[in-house]
Amino acid sequence: TGTDAVSIPVLSQDLRQEFITSTMSVREACQRAVEDQPERILIFPTIMIYGPMYDKMLREVHEATDDKVHDVRIMPPVLNPDSLESSNRAAALIEKALKIHKNDRYILIGYETDHAIRPMYHHLREAFLEKGLDGVHVVCLKDREGLSMVAADLRKMQYGGTIVIQPLATNTNGHVLEEDSGDSKTVAEMFRRFGFQVKETHKGLACYPEYRKGLIRN
């Protein structure tokens, strides 16, 4: 769950929509699985964090499987607030997928749907620091103060390279958007105004083959 046509960016808008509507929903997939009368159904979401998308998935699974399957197990999102190890695994996946080097500067843009999510971003940042990747910042769209602090630190360093803006999401359908908080394009423009060179990336992590392979391996 959580993957969609954004992983096939060459499709036209019409074909992309046709692909999305032809793909089974979580509810439909569970209904089809129930027809085989399994003893257990295991749901593995590729969703990055807890929030509305994960909650919707839970509802669809329960509606399709209640009283029909004895054992239904739903794995947590990629970033699990109860597991620091999940942050280490996610950092390793992202590092390999994006081919991040020690001198690179990345800003991973996440979005906050609940206050409990903020510590997960902090844990992920710590995981990158442990790997020696101090140029990878993890910030939240709603936390503009955090973005300003990153810009101030880079100015102190007199950093003159390119900053890569990458949405911290499995799938983004082009960009990260959370209510009226802006998106990765807005963040990129903000850093340009500060005088930095910026490379925008408008695709989710699932677009990178190494990330998809890593999810399966882990």
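For the numbers below, each heavy atom of this structure counts, side chains included, while hydrogens, waters and symmetry mates do not.
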Between [X] and [Y], does at least one N-O distance fall below 4.0 Å, as a salt bridge requires?
{"X": "E200", "Y": "R192", "value": "yes"}
{"X": "D71", "Y": "R73", "value": "yes"}
{"X": "E35", "Y": "R32", "value": "no"}

Would you say [X] and [Y] make side-chain contact, with heavy atoms under 4.5 Å?
{"X": "M149", "Y": "H137", "answer": "no"}
{"X": "R155", "Y": "F194", "answer": "yes"}
{"X": "V164", "Y": "I107", "answer": "no"}
{"X": "M190", "Y": "S148", "answer": "yes"}

* Minimum heavy-atom distance I41-P38, with the two atoms named ->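 In this case the closest contact between I41 and P38 is CG1-CG, 3.8 Å.
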* Quick one: CE on M120 to CG on L168, what's the gap to the nearest 0.5 Å? ->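 Interatomic distance, M120 CE to L168 CG, rounded to 0.5 Å: 10.0 Å.
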Is a side-chain donor or acceptor of [X] paired with a backbone partner of [Y] at a separation under 3.5 angstrom?
{"X": "R212", "Y": "A206", "answer": "yes"}
{"X": "S25", "Y": "E28", "answer": "yes"}
{"X": "N80", "Y": "P77", "answer": "no"}
{"X": "R125", "Y": "V136", "answer": "yes"}

* Asked: Pick from I43, L42, I47: which one makes a side-chain contact (heavy atoms from CB on, under 4.5 Å) with M75?
  ->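 So the option named by the test is L42.
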* **L205: which of L215, T170, L98, L108 passes side-chain contact (heavy atoms from CB on, under 4.5 Å)** =>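 Exactly one candidate clears the test, L98.
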* Flag yes if more than 12 heavy atoms outside K131 fall under 6.0 Å of its NZ atom; otherwise flag no. =>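 For K131, atom NZ is crowded (more than 12 foreign heavy atoms under 6.0 Å).
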* Under 3.5 Å, is there a donor-acceptor pair between the Y159 and Q197 side chains? ->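 The answer is no; no qualifying pair exists.
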* Measure from NZ or CZ of K203 to the centre of the six-membered ring of Y208 and say whether it is under 6.0 Å with the direction within 45° of the ring axis. =>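 Ring-cation test returns yes.
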